Each structure stands twice: as C-alpha cells, then as structure tokens.
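Model, not experiment: these values are computed from the prediction. Chain naming here is simple, since letters A, B, ... match the order of the sequence lines and numbering starts at 1 in each.
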There are 2 protein chains.
Amino acid sequence: MKHLFSKKAYLRHKRLLSLKTKNMDLFEKHKDILTQAIHALHERTFFAAYPEHPSPKIYGETADEEGRKKFQASVGKKFEELKQIGETNWIGSEESPYMQDKLGIAYPSFTVESLVENAQTAFHQWRKVSADERAGLLIESLEGMKARFFEIAYATMHTTGQGYMMAFQASGPHAADRALEAVASGYEELTRFPQKAKWDKPMGKYNIVLDKQWRAVPKGISVVIGCSTFPTWNSVPGIYASLITGNPVIVKPHPGGVLPIAIVVAEIQKILAANGYDANICQLAVDTFEKTNTKELAENADVKLIDFTGNSQFGSYLESLDNKTVFTEKTGVNSVILDSTEDIDKVAGNLAFSVTLYSGQMCTAPQNFYIPESGISTPSGNVSFDEFAQKLVDNINSLVDNPKAGPFVLGTIQNPTTCDRIEKSSKLGGKVWLESRAIENPMFKDARISTPTVVELSSKDKDKFSSELFGPIALLIKTKDTDESIELAQEMAINHGAISCGAYTTDPNVKEKIADEMALAATPVSFNLIGGIYMNQNAGFSDFHVTGGNPAGNASFTNPEYVVKRFTWVGHREPVSV
Amino acid sequence: MKHLFSKKAYLRHKRLLSLKTKNMDLFEKHKDILTQAIHALHERTFFAAYPEHPSPKIYGETADEEGRKKFQASVGKKFEELKQIGETNWIGSEESPYMQDKLGIAYPSFTVESLVENAQTAFHQWRKVSADERAGLLIESLEGMKARFFEIAYATMHTTGQGYMMAFQASGPHAADRALEAVASGYEELTRFPQKAKWDKPMGKYNIVLDKQWRAVPKGISVVIGCSTFPTWNSVPGIYASLITGNPVIVKPHPGGVLPIAIVVAEIQKILAANGYDANICQLAVDTFEKTNTKELAENADVKLIDFTGNSQFGSYLESLDNKTVFTEKTGVNSVILDSTEDIDKVAGNLAFSVTLYSGQMCTAPQNFYIPESGISTPSGNVSFDEFAQKLVDNINSLVDNPKAGPFVLGTIQNPTTCDRIEKSSKLGGKVWLESRAIENPMFKDARISTPTVVELSSKDKDKFSSELFGPIALLIKTKDTDESIELAQEMAINHGAISCGAYTTDPNVKEKIADEMALAATPVSFNLIGGIYMNQNAGFSDFHVTGGNPAGNASFTNPEYVVKRFTWVGHREPVSV
C-alpha cells in the first residue's frame with residue numbers, strides 16, 4: 001500500500017499510527033485505576049487515588065518547596081502555559097487575601113466568538129475519540145496535575161484565602177479524586193450499552209435480523225463556570241464529566257480565582273497536544289470583574305452544557321436558559337439539629353471546628369443550630385441552651401486563640417463583602433454570644449481575618465435565619481422542641497436549599513425521623529460526629545455532593561444523572577446482509 | 001408480646017405480616033423475568049416478555065371473543081372498576097372512529113385538589129415500600145394487563161382507530177414490554193448503589209469509620225398525560241417508571257382515548273389493594289374536551305414529575321414550568337433519504353407500507369422523502385424522481401386497494417382535523433401524485449378513512465415541509481443531491497425534531513455520513529429496510545424511543561436518564577459505635 005502515499009502523507013500516517021498506539025497505551029497505563037474507581041463508586045467504601053497528606057515521603061522531599069517557588073515565580077508575570085492562540089489582551093485581577101495585594105498575574109483573553117469557534121472545531125475531533133482513549137488521556141492529565149499539587153496549593157491559598165492544609169487537600173488530591181470520579185462515572189455510562197448487537201427476532205416461519213449500533217453522541221460545547229472559594233474542587237467534576245463524554249470545554253474561572261484552575265487546564269492542554277489532539281478541546285476563558293464574559297458565553301446558541309458554582313440568583317438565571325443542560329451548585333442554609341448526646345463537650349468541640357474551618361466559607365458549613373428551649377439531653381441531665389451556647393463559644397475561642405491552630409484553621413476571608421456580612425449579623429437583634437474579631441497570622445501580617453461570630457435567635461425570627469449568611473456566622477436558634485427543630489431544618493432545605501445537615505441524637509426514633517424528613521428535603525445528614533471528622537467534609541467515591549433535590553443546586557457529584565445528561569444515545573439499524 | 005395487642009390490632013398485625021410475605025412472594029414470582037429484562041436492556045438483542053401474536057395457542061381459544069364481549073359490554077355504561085372514591089361526576093367523551101359514534105362510557109371524575117391530596121397520602125406509604133416489593137407488585141399488574149390484552153385491543157381500536165393487529169400489539173404486549181422495560185431500568189438504578197456501607201478511612205495512627213446509608217428518595221407526585229393515538233403504549237413507560245421509583249401517579253388520559261388506559265389503571269389498583277396498599281398510589285383523572293384539568297394538574301405545586309405525549313406547543317409549555325421534572329414526547333418531522341439501492345421496488349413497497357400503516361398517525365411515520373434530482377442509483381441505472389414517485393404511488397394503491405390488507409393496515413383517522421390537514425396538503429402547490437380518498441371497511445361502514453396522499457415539492461419549499469403534517473401525507477422533495485438531502489434531514493431534526501429517519505444507500509461512505517450527521521441531530525436511522533420491518537417500528541429492550549436530543553422530545557424510552565431523574569440519592573452517615 002506504500003505506493004499510495006506521498007512521502008509526506010506517509011510520514012503523517014506513520015505519526016498518527018504511533019500516536020494512536022500511544023493513546024491506547026495511556027488507556028492501558030491507567031486501566032487499573034479506572035477499574036478501581038468504577039468499583040469504588042459502587043462500593044462507596046473509602047477510596048482515594050491521590051494521597052491527601054502533603055507528606056515528603058509521598059510527594060518527595062523537595063516537592064513543597066519547589067511548588068512554593070513555582071507559585072512565587074508566577075506572581076507578577078504572564079501565564080504563558082496555555083496552548084491557545086489569538087489572544088486579544090492579557091488580563092488578571094487576582095488578589096491574595098493573605099497579603100491583601102494584587103498577584104499581578106496576566107492571562108491571555110479571547111473573544112467569546114473565537115472561543116466558541118475553536119471549541120466547535122475541537123468538538124468534531126474529540127467526539128470521535130473512543131471512550132478508552134479519552135479516559136487514558138484524562139487520567140494522564142490528572143497525573144500532570146498531581147505533579148503540581150503543591151504549586152496549586154499555594155495558588156489556592158493566595159486566591160481563595162484557604163489555610164495551607166485545606167488548599168493542598170481540596171484543590172489537589174480531593175479535586176483530582178472528584179475529577180477521576182467523574183471520569184469513572186462517565187466511562188461507565190458510555191460503556192454501559194453495547195456499541196453493536198445483532199437483533200434477531202423470530203417471526204414464526206422466518207427471522208428478522210438487524211445489525212444495530214449505538215452511539216453516545218456528546219451534546220456539544222460545555223462551559224464550566226468556577227467560584228472564588230474552591231476554584232479547582234468545584235470545577236474539575238464538570239470539566240472532566242464533559243470531557244469524558246466527548247464535549248469540548250470552555251473553563252470560565254472566577255476572576256478572583258484563576259491560577260489554580262489555569263494550571264489544571266494547562267496540564268490538560270499539554271497532554272492533548274502531546275498526543276496529537278487539538279488543545280482547544282479544553283480552553284480557558286479568563287475575564288475581569290469589570291468586564292465579565294459569563295452571560296455572553298452562557299447564552300451563545302452553540303453552548304449546550306453549563307456547569308456553575310456560585311450564588312443562587314445567577315444559578316437560577318442559568319437554569320432558566322432555553323435549550324441548555326445546566327448543572328448548578330448554588331447556596332443553601334445548612335442546619336444542625338441538637339437533641340441529645342452522650343458527650344456534649346465533644347459535640348461543642350466538633351461544631352466549633354466546623355464553624356471555624358476556612359472561616360465558614362464552605363458550602364457545607366453549618367449555619368443554623370436548632371436547640372430546644374428545654375436544652376439538650378445528656379446522661380448527666382439536660383444541658384441548657386445557654387450552657388451549650390457558652391460551650392460552643394469557649395471551644396471556638398480556644399481554637400481561634402491557639403496560635404498553632406487558629407490562623408491555619410481559619411485561613412482568611414476571600415471576599416471583603418463577607419466581612420461586612422459578619423458585622424451586620426451582630427445587628428440581627430439577637431444576643432451576640434461571640435463577636436467576630438481579627439487575630440494575627442504569624443506569617444502574613446496583612447491577612448484578612450475575621451473569627452466566627454455566634455448570635456442567638458428565636459424560632460420566631462424566621463426572616464432572619466432563612467437565607468445563607470456566607471462566612472463564619474453561627475446562629476443559635478431556640479426552638480420549642482426537637483420536632484420544631486426538624487421542621488425548621490426541613491423547611492429551610494426545601495425552600496432555600498441545603499447541602500449538609502448535622503444532627504445529634506441518642507434516640508433511634510428521633511434519628512429515623514430526622515433521617516426521613518431530611519431525606520425528603522434531599523439533604524444528607526451527618527449524625528453524631530465528634531472527633532476528627534466534620535459535617536463540612538464530603539468524600540469522593542462515597543458522599544454524593546449536593547443531591548440535586550433541593551434549591552441548593554440541581555446537580556450532584558457524581559451521580560449517574562451528572563454524566564448521562566451530557567450525551568445522547570442514538571441507535572442506527574440495518575438488515576443483516578444475506 | 002401478644003398481650004400488647006388488642007385483639008383487633010393483633011389481627012391487623014397478623015394480616016399485615018401475611019401481606020408482607022405475600023408481597024415478597026410476588027418479587028420471588030417475577031424475579032426471573034425482572035432479571036431477564038435487565039439483562040435484555042444491556043444486551044439489546046431481541047427480547048419480549050409478552051408474545052405479540054394474538055394467537056389462540058398463546059392466549060387461549062376464547063380470549064379474543066371474550067375480550068371483544070367485555071369491550072362491547074362496557075359501551076354505554078359506567079366504568080366502575082376503579083377503587084377511587086369521592087367522585088364529583090361521571091363523564092366521558094370517547095367516540096369510535098370506526099362507527100363515528102359516541103362510546104358513551106362514563107368515568108368517575110375528581111377535583112384536582114382531591115386527586116393531589118390522595119396522591120400525597122399514598123406517597124408516604126409507597127415511598128417506604130422496597131424496590132423488590134414494588135417490582136413484584138408492578139410486574140404482577142402487567143400479568144393482570146396481559147389477561148385483558150384482547151379487551152384492551154378492542155378498546156384501542158374504538159378510541160384510536162387503529163387496525164386490530166396494531167391495536168392488539170401496540171396497546172397490549174408491546175406496551176407491557178415497554179412498561180416492564182421501565183420497571184427493569186428503574187429497579188436497576190435503585191439497586192445500583194448500596195443501601196449501606198462501612199466507610200473506613202486510614203488516618204495514619206487511627207482510622208475514621210463511618211456507617212453510611214443511602215436512600216433513593218422519590219421526587220413526589222407524578223402526572224402522566226396521555227395522547228389519543230397510543231393511549232397505553234405512550235403512557236405506561238412513564239407510569240411504571242414513576243411507580244417503580246416510589247412516586248404516586250395520577251394518570252390523565254386524552255379525553256378521546258380513556259378506556260385502554262383505564263383498564264390498565266384498574267389492574268394496577270386491583271393488585272395494590274389486594275396486597276394491602278392504598279389504591280390511590282395510581283389514580284385515573286379523566287376530563288373532557290370542554291373542561292380539561294391538565295394545566296391545573298401540571299401547575300399544582302405538589303406535582304413534581306410530568307410525563308407528556310402530544311403536541312409541541314403544550315409540551316414546551318410543560319417543559320417551561322418551574323420546579324418540575326418533565327419528560328416529553330412531542331412532534332417531529334421524520335425524513336427518508338433516498339440515495340441508492342439494490343432493489344428499488346422493494347424500497348417503494350416498504351415505504352408505501354410505512355406511509356399507510358395506521359394512516360401515518362405514528363410518531364415514527366415518514367413524512368419528508370428526499371430524492372436527488374438525478375434520481376436514485378440502482379444496479380440497472382438511475383431511477384428518476386418521477387419513476388420513483390410513480391412506484392411509491394403504485395405500491396400505496398395496491399396496498400390500499402387490496403381488500404384483505406388495505407382497511408386493516410390503514411385503520412381509521414382518529415381525529416377529524418387530520419382529514420382537513422390531508423385536504424390542505426393537496427393545496428401546498430406541488431404536484432399531487434396521489435390524492436387521498438375514502439375506501440370502505442367491510443366491517444365498519446361508517447369508518448373514518450382517508451388513504452395516503454403523495455405531494456411533490458422542491459428543496460426550495462422549506463416553508464412547506466418544515467412542520468409535522470400529522471396523518472397519511474408523504475412529501476417527495478426534489479434535492480440537488482444526497483448531500484442536500486442529508487443537510488435537510490439534519491436541519492429538520494435539529495430545528496423541528498425527529499423521532500425516526502429512513503435511509504437507502506449502498507455506498508458505505510454515504511452511509512457513515514448519514515449515520516454521523518443524523519446522530520448529531522439525535523435521530524436514529526433505519527438503513528435499507530425492505531420486507532417485513534419498517535422504520536415506524538421501535539422495539540422495547542433494544543431501540544431507544546425518542547432520544548431526548550432534539551425538539552421532538554426531551555425523554556427516551558428507556559434510557560437511564562428516564563428513571564434516574566425520578567428520584568434523588570441522599571446519603572446519611574454516622575461514626576461506627578465503639
């Protein structure tokens with residue numbers, strides 16, 4: 001056949017063949033981890049592909065230091081790692097909440113028109129790549145991300161204001177696990193039905209025999225809109241879910257949190273290009289606070305899929321757009337129901353940590369604490385509302401004032417408007433059990449820090465506790481009894497959304513009532529957590545994150561709906577040739 | 001423990017215990033068929049649980065005659081089989097297209113308020129029933145339906161106007177297979193993740209161990225809105241998909257096609273009641289043409305799920321409702337692409353049957369036939385546009401004029417407005433190759449019959465062929481070449497929806513182009529069908545019916561999305577007690 005090719009065409013052909021092999025090598029390389037991940041999704045016991053501990057033993061003696069240096073070297077410079085061309089400008093507006101100063105990193109910016117055009121071209125290449133190859137490429141890109149976990153951690157600290165440990169874990173291994181989860185879930189769905197089958201129908205005297213084939217047709221261009229507090233963790237599930245199912249992705253980071261996800265996109269582009277694919281299969285679309293491109297992207301007719309993390313108003317606008325498949329994580333009001341416990345001090349300690357962790361800027365952080373007016377039942381008698389309030393305050397203070405823990409657990413406040421909200425909460429009208437204050441971070445003198453505030457309200461103050469007060473704000477709400485507590489927690493979830501719920505009870509009937517009523521409000525409940533595990537935490541491969549069943553969002557990491565809505569099964573058929 | 005019960009309570013307890021056993025017996029009874037059905041969904045080779053042939057050998061010597069008598073006995077009477085109470089009236093507006101006369105069957109009618117209230121009560125019982133028990137009960141109800149296939153067939157003939165064979169197959173075994181498919185798919189999803197697991201995370205010096213549990217929480221009240229042409233086939237997938245996933249269902253039939261689905265609902269209620277469950281888990285909500293209840297039902301805040309088959313305008317209104325999960329099958333423009341064939345006469349014969357079958361009143365019937373101006377390539381040279389047109393006309397005439405076939409294949413016209421539409425199509429401005437006419441049905445002198453019309457148009461007449469012309473209307477559209485044919489077929493599907501597509505080509509490249517372009521328009525293609533299989537036909541357990549990817553509807557029988565959107569996964573967790 002050699003004579004059919006010109007020399008140039010022959011060489012191109014040879015190169016493509018070798019790329020083809022290489023791509024299938026990537027599938028072979030990562031097949032085990034993919035299989036384990038799919039298995040884990042169904043077992044839902046503990047599984048993690050990327051170790052969460054930033055240990056030198058795991059990641060190498062110099063990894064942390066090198067990551068820090070790489071981050072520092074990127075400050076004040078152009079981010080030139082992307083393989084996208086044709087930028088119209090270099091822009092950037094990130095600030096470090098630790099320094100309260102601009103990072104000065106500039107990213108290339110592109111018109112929405114050119115982003116969509118590039119994505120459309122990339123679509124017709126990417127959609128024809130097999131699920132095996134896509135999985136191999138995508139898991140390889142997570143290996144690339146893994147090699148930069150520390151750099152991503154520092155980038156995350158200095159955009160989100162998270163403490164070091166959370167920045168490493170949430171933006172690095174936990175995010176990579178959530179991405180792998182989406183790849184595994186998508187891969188499973190893509191391979192769940194056969195590509196081909198012979199349909200052989202007995203008709204009595206003869207059979208009708210058809211060759212059938214099924215194609216998983218990707219929906220089209222996907223736009224993933226990030227948030228400022230979890231720039232990788234909340235974005236990679238949508239990115240990888242869209243990519244595994246064959247859709248090109250335009251990543252639209254929050255202008256305040258670009259660098260962590262820019263590094264991830266650069267790694268994806270690097271792997272794509274190295275394997276002969278169009279890097280525009282995954283593009284970065286940076287904008288600024290002054291001139292945002294989000295609506296223009298979302299409303300573009302060629303954009304078929306949208307993933308969004310952020311405020312409810314914008315999320316609901318996106319959900320209302322015609323002819324789009326939209327996945328949202330919006331805001332919610334998370335409740336804690338306090339009924340009875342074996343050890344009230346451990347409860348107060350656990351909840352104090354939950355409130356303090358990243359200054360309450362997690363979508364899973366507790367806000368409304370419902371406590372019966374008769375108090376919380378314990379083996380040594382009822383602990384009164386006031387006694388519990390004081391215990392919670394004492395625990396928060398001892399955590400915050402511990403110089404070896406406080407600054408690192410608190411991190412900083414990402415957005416200055418959160419500080420305003422904290423101040424306003426002290427004027428809600430209820431007794432202020434604990435005022436928010438500033439403490440010093442020994443490493444960053446200018447860090448924006450506000451410690452938690454604790455405010456008492458009555459169950460009658462529904463207007464005051466019926467919306468998300470994002471930040472380190474704990475509302476202690478005095479209820480008639482646990483039944484009223486449950487009713488309020490359920491009502492908040494049904495009407496205003498909820499992503500998590502904590503509950504403390506030693507009574508199996510109360511426990512089942514809480515489990516049942518909160519399940520009806522599509523809210524997962526963490527019961528009786530004490531010690532080193534908190535209601536804020538959600539584990540990949542086990543905890544569905546956001547259920548999609550209440551106003552806190554219509555999507556869930558990663559349930560089958562999260563991936564099956566990204567493609568369409570189309571079947572063709574033809575009589576078997578005789 | 002006996003002394004704890006009053007005698008009455010004890011007897012009730014004993015009865016419930018025996019019911020419990022009985023319900024699990026139903027699961028055991030139907031476990032094999034459920035397992036086979038799940039297997040079939042994944043193999044997608046031929047599978048049918050309910051034989052499609054109305055043979056006395058299968059269904060019994062007297063089954064047909066008994067079914068006919070039961071149908072006849074119901075005419076002019078109250079339908080008193082439902083277990084719903086508190087009707088406000090008895091209503092009914094069905095007419096037989098075979099007699100062009102009222103059936104005079106009266107059904108109990110209920111206020112929307114009472115239907116919703118009953119469903120809400122039933123919800124809290126049904127949602128707690130295990131997936132196993134639900135599956136057992138639902139498959140048992142299909143056995144009840146099976147025992148009435150012939151009665152349902154006559155009821156279908158005299159409401160939809162279908163011929164006997166289609167009425168038997170589509171409303172009976174094929175519908176029951178589609179219902180079983182939904183049960184199987186729902187059951188698989190409900191059992192896809194564990195109900196419980198121990199999550200054991202190594203933390204270095206200690207482990208965090210949580211007991212986790214997951215609940216598949218049904219969304220709430222489901223309303224299934226039927227159509228007049230396929231009153232059971234198009235409704236049972238939604239009914240059974242909602243029921244298996246724990247949602248109570250309100251079935252809202254088309255006022256013109258009540259009896260077939262009323263029989264199914266009565267069978268479901270019978271099984272529920274016999275096994276100790278609230279019959280209101282599945283209610284019938286009949287209305288009249290003059291006073292429809294559909295919007296009031298759909299807009300009720302407690303209604304969370306809506307299934308709809310019918311016109312695009314109403315379907316799109318339903319899709320736009322807030323806070324509802326909506327599954328639609330709407331209208332579309334189905335295309336046939338004629339490029340090349342081995343045997344043009346067999347092609348014309350096959351397509352003539354497709355156009356004539358149930359007078360083109362199937363959502364899968366072909367409408368737009370694209371033929372290149374240079375004709376259709378065959379081994380003996382190109383068959384010109386005109387030659388093919390004449391062949392199609394000849395084949396339709398010989399089918400229609402065959403007294404042993406014509407009346408039975410045609411059936412009747414369900415809705416008189418379809419006759420008006422046929423008349424109008426002859427005034428589209430194109431050459432009328434075949435006028436519609438009336439033929440006589442030997443058994444029903446008053447049957448409403450209009451034979452197919454064939455009209456020639458040019459590819460420039462896009463305004464004339466860009467909407468569904470429901471009924472036996474074939475438009476032969478002259479195109480520049482096959483590329484233009486493909487372009488138009490794709491454009492119709494993307495802009496106006498399509499549920500099926502036929503294509504004839506002997507060229508593998510053309511075939512792959514059609515397969516690819518129509519897949520992008522989410523339209524399944526039947527290639528080169530000749531003989532006893534038609535593009536109109538869609539087989540349960542193999543063909544996804546409607547893909548959900550173009551404007552013809554957002555739902556597909558039965559892909560995973562069709563069932564997973566009917567419930568929410570909620571996970572609770574608690575430290576393992578030490």
Side-chain angles (χ1 to χ4, degrees), chain A residues 41-46 48 53 189 192-194 197-204 206 208 210 212-215 217 219 320 322 511 515-516 518-520 522-533 539 542-544 547-549 556 559-561 564-565 568-575, chain B residues 41-46 48 53 127 189 192-194 197-204 206 208 210 212-215 217 219 320 322 511 515 518-520 522-533 539 542-544 547-549 556 559-561 564-565 568-575:
Chain A
L41 272 174
H42 290 281
E43 293 296 310
R44 307 201 85 75
T45 52
F46 174 76
H53 203 278
E189 293 297 336
R192 205 164 166 211
F193 299 106
K198 202 179 284 297
W199 183 83
D200 192 342
K201 180 181 179 180
M203 299 293 289
Y206 67 104
I208 293 176
L210 299 178
K212 297 196 178 187
Q213 53 162 278
W214 292 272
R215 299 176 185 212
V217 182
K219 289 231 172 130
S320 78
D322 279 342
K511 192 162 111 182
D516 189 46
M518 294 311 290
L520 285 173
T523 309
V525 182
S526 298
F527 285 99
N528 302 322
L529 294 189
I530 50 170
I533 177 96
S542 184
D543 298 317
F544 292 109
T547 63
S556 179
N559 67 11
E561 190 177 341
V564 296
K565 284 161 82 174
T568 304
W569 281 111
V570 180
H572 299 324
R573 55 190 188 175
E574 183 177 17
Chain B
L41 273 174
H42 290 281
E43 293 296 311
R44 308 201 85 76
T45 52
F46 174 76
H53 203 277
R127 70 184 178 86
E189 292 298 336
R192 205 164 165 212
F193 298 106
K198 203 178 285 296
W199 185 81
D200 192 342
K201 180 181 180 181
M203 298 293 290
Y206 65 104
I208 292 175
L210 299 178
K212 297 196 178 188
Q213 53 161 280
W214 291 273
R215 299 176 183 210
V217 183
K219 290 233 172 129
S320 77
D322 279 342
K511 191 163 112 182
M518 293 312 290
L520 285 173
T523 308
V525 183
S526 297
F527 285 100
N528 302 322
L529 294 189
I530 51 169
I533 177 96
S542 185
D543 297 318
F544 291 110
T547 62
S556 179
N559 68 9
E561 190 177 341
V564 296
K565 284 161 82 174
T568 305
W569 281 111
V570 180
H572 299 324
R573 55 191 187 173
E574 183 177 18

Tell me, out of [options], who's got the most heavy-atom pairs with chain B below 4.5 Å.
options	result
A/Lys219, A/Arg192, A/Met518	A/Arg192
A/Ile208, A/Val217, A/Leu520	A/Leu520
A/Ala197, A/Ser542, A/Ala522	A/Ser542
A/Val525, A/Thr568, A/Thr45, A/Val564	A/Val525

(Q) Test of understanding: with ring-ring contact (aromatic ring centres under 6.0 Å, His included), list the residues that count as partners of B/Phe46, not counting sequence neighbours. (A) A/Trp199
Q: Mind running side-chain contact (heavy atoms from CB on, under 4.5 Å) on A/Phe544 and A/Arg44 for me, showing each step along the way?
A: CA-CA 10 Å; A/Phe544 292 109; A/Arg44 307 201 85 75; 3.5 Å; yes
At a 4.5 Å cut-off on heavy atoms, which part of [X] comes close to chain A: side chain, backbone, both, or neither?
X	answer
B/Ser320	neither
B/Glu189	side chain
B/Lys198	backbone
B/Ser556	neither

Q: Mind checking the CG-CH2 spacing from A/Asp543 to B/Trp214? Nearest 0.5 Å is all I need.
A: 7.5 Å
Q.
Please give me the minimum heavy-atom distance between A/His42 and B/Pro194, naming the atom from each residue.
A.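 Smallest interatomic distance, heavy atoms only, reads O-CD, 3.0 Å.
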Q) If you tally heavy-atom pairs under 4.5 Å against chain A, which of B/Ile530, B/Asn559, B/Leu529 wins? A)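 Among B/Ile530, B/Asn559, B/Leu529, the one with the most close pairs to chain A is B/Leu529.
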Q) Of the listed residues (B/Gln213, B/Lys201, B/Glu561), which shares the most heavy-atom pairs with chain A below a 4.5 Å separation? A) B/Lys201
Q | Part of A/Asp322 within contact of chain B (heavy atom distance under 4.5 Å) | A | neither
**Q.** Interchain contact, A/Asp200 with chain B, by part (heavy-atom threshold 4.5 Å)
**A.** backbone
Q: Not counting sequence neighbours, which residues clear side chain to side chain contact (heavy atoms under 4.5 Å, CB included) with B/Ala515? List them please.
A: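 If we apply the side chain to side chain contact (heavy atoms under 4.5 Å, CB included) test to B/Ala515, skipping adjacent residues, the hits are A/Arg215, A/His572, B/Glu512, B/Phe527.
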